[in-house]
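Beneath this line is the structure, given in structure tokens, with notes to follow.
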Amino acid sequence: MYVTKRSGVGEPMDISKIRIVIDFACRGLRVDPLELEADAQIQFREGISTKEIQQLLIRTAAEKVSPENPDWQYVAARLLLYDLYKDVGHIRGYKVKDKINGRYKPYNPESFYNLVKNYAEKGIYGEYLLREYSKEDFQALASYIKPDRDLLFNYTGIKVLYDRYLVRDEEGNVIELPQEMYMLISMSLALPEKKEERIKWVKTFYDLMSKHEVSLATPTLMNARRPHTQLSSCFVLTVDDDLYDIFDNVQKAGQISKFAGGLGIYLGKVRATGSPIRKFKGASSGVLPVVKILNDVMVYVDQLGMRKGSASITLDIWHKDVMDFLEVKTNVGDERKKAHDIHPAISIPDIFMKRLKNREKWTLLDPYYCKNVKDGKNLEDFYGEEFEELYQRLERELPPNAKKEVDAFELWKRLLTVVFETGEPYIFFRDTANRLNPNKHCGVVYSSNLCHEIVQNMSASQHIEDSLDPQTGEIVHRKKSGDVVVCNLGSINLGKVYTKEDMERVVPLLVRMLDNVISINYYAIKEAEYTNRRYRAIGIGVSNYHYCLVKNAIQWESEEHLKFANALFERIAYYAIKGSMELAKERGRYPLFEGSDWSKGVFFGRDAEENQRMSEKNGNNLNWIELAEEVKTYGLRNAYLLALMPTGSTSLIIGATPSVDPIFAKFYKEENMSGILPQVPPEIDRYFWHYKSAYSIDQEWIIRAASERQKWIDQAQSLNLFIDPEHVDGPTLSKLYELSWELGLKTVYYCRSKSLTEIEECESCSS
Ligand SMILES: Cc1cn([C@H]2C[C@H](O)[C@@H](COP(=O)(O)OP(=O)(O)OP(=O)(O)O)O2)c(=O)[nH]c1=O
């Protein structure tokens, strides 16, 4: 049998060459190499190319992955790596031979500097790398690269990296290797560090990432080292009730989406259908046309054909257009009012949940009539008791055309039916979110972001507008910007980092990396920079939570789980605050620190003594009293610190279970842009009976565990529920959402249903 080589030359097939590759791929793993050879050979044919043989081996190994034989995922990974090494070597012009005979070094320290130099000139890497690092720095860092860390990836991880994250040239060829990627990201993130300490920090960041102890958000992994360093995951816009502002935000949404940011958009200020405009009765078209425009912008700005933009749009449950809004993705009603590509979210105040419990009436209001209701502020600017008072007053006093009475229970039933049908809307419990907002001294939160883990101050995102000073003719800025929420995310791999010692070492470093992200970020819109500089908000999340439980012999449905979750997230919170405080000592506090809950020693709505007592109960014995004093003295660097994002694709890269979710199944094939990817949870063969899959877990335990975690999180969690419609009815679903509110959750993300196959994962927040 003949094979065709890359050069096009044919030669007789030498099976011993294949054996060398197979042997390299299987070495030290619990697999039988002969099986792979036998299974693959069946498909060989005359004239097959060497590249094809390699692909065949990869596919064969990937198909052999199972819960009983998970090591095949590492065989497939090595085979794919081998292919990647060859491709990259080919592009760089060095002859690639097999690594096994020692003739070939996939990582070549000498080529690292040239790689960056060549591609920076072509505008593929950022010029700043060459400006800020000398040739000697490059050499020192190149020799620090640890090629063997490539072996930590499983097949899915390396496949996702290969297809989506590794930088490519103009022709679409991958130009960098995984460890070079981590090193270049680290070099970008260390730019704000003092020059004399920079190399030290690059190495530290590199170690954290390449050992998979932490992961950064998708935009950071994709864009750090590139010319446009748009590294933030999510943005939240507040649209004012004004045509200029509506279209200004449409423009902003387009710009943000262009640079791969995910969007949350609050539309609750926009007047309802039939509202007056300039006193003309019945003139306004309400919220739905704006939803539709934003929907189309998200589809239009499709990130160079890679994927369409993503936005969640939030409306308050008291908004007069809410009934139509609930139907934007369902199959009932007027097709002209549909917006199938956005993600609806509903903001719910406590008073609604109380009325629901008592089966009382609920009044929908037109925001046009809810302006200037107290101290020059609108209804939505209030929360808690003040909100309830004002809401009830408006219910009584507004004219009939400004309101509409409905049954709270009927509205709720409709909402839950839509949840059953579409997995959405996401839910935002606005009173809990605002009561526990550490920066309530300087703002209010109307809604969350796309993935519902971000909870930060917002305000109508007015544009910064240049105009001419009539006296001097100089350009001056007229309007002040509102708060466009921006969040920079990173996650801790709980499969590797969960003890007190590890948290103490890793979490402050992640705070530092994310603070650096803020400094080097490229901002698609100026307003985001304005907010980012004043708040310096970050979001630390986690991946591999389920594996961490299993590894520690904790059952999902147990009281032990609740205690474990509380203690674990206390440790993360403590070291995140400590890390940010230490950074404030070094770099200064965030400008709005004074007056915050942090500045008063109140963390997560509790005083230091209370936190101390909880810590002792948890067995962590962390010194919260001392930490509160230190924070009072030195401040914090970051206004917001913790947010549990979904971590979809980045968990795939590092072979972790996603975020705080339970596994879908003990084995399944995930289909995404990289094709069909086999998925087995970490160490499935060892812990087969310990893993319980999402749909077989009583969802009350998911909510209870989330509630324990929430006690130590200043923002929120992208909390998914998993429903099997055959076993869960309306009243049960209702109980779950009510329980989420009662137990102090701020948000509920998807309600995933076994019968719903199409759930769109947010990429940007994936960290
Ligand atoms: C002009 C216009 C506005 N609108 C909506 C968009 C905004 O929600 C709202 C106000 O739009 P604006 O154009 O900002 O209204 P205005 O400032 O001229 O009038 P007013 O004093 O009443 O605010 O009306 C429509 O629905 N249809 C229209 O044709």
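Both counts, for ligands and for their atoms, begin at 1 and track the order of listing. Only a predicted model underlies this, so the values are computations on that prediction, with no experimental measurement involved.
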TODO: Return the orientation label for the Y590 and F593 ring planes: parallel under 30°, perpendicular over 60°, tilted otherwise.
DONE: perpendicular
Task: Verdict with supporting geometry, Y383 and N437, side-chain contact (heavy atoms from CB on, under 4.5 Å) - done: CA-CA 11 Å; Y383 62 89; N437 172 12; over 6 Å; no
Enumerate the pairs of nitrogen or oxygen atoms, one from ligand 1 and one from the protein, separated by less than 3.5 angstrom; state names and distance to 0.1 Å.
from	atom 1	to	atom 2	distance (Å)
ligand 1	8 (O)	D241	OD1	2.5
ligand 1	14 (O)	L243	N	2.9
ligand 1	18 (O)	R278	NE	2.7
ligand 1	22 (O)	R271	NH1	2.9
ligand 1	22 (O)	R278	N	2.8
ligand 1	23 (O)	R271	NH2	2.7
ligand 1	26 (O)	S284	OG	3.4
ligand 1	26 (O)	S285	N	2.9

Task: Side chains of P349 and W318 in contact at under 4.5 Å (non-hydrogen atoms) - done: yes
- [ ] Starting from the C-alpha separation in whole Å, work towards a yes-or-no answer on side-chain hydrogen bond (donor to acceptor under 3.5 Å, both in side chains) for Y523 and N532.
- [x] CA-CA 10 Å; Y523 295 91; N532 230 353; 2.9 Å; yes
Open item on the list: Could you tell me if S232 and N521 have a donor-acceptor pair between their side chains, going purely by distance under 3.5 Å?
Closed with: yes
Open item on the list: Check this for me, if you would: do E386 and K374 make a salt bridge, where the nitrogen-to-carboxylate-oxygen distance has to be below 4.0 angstrom?
Closed with: yes
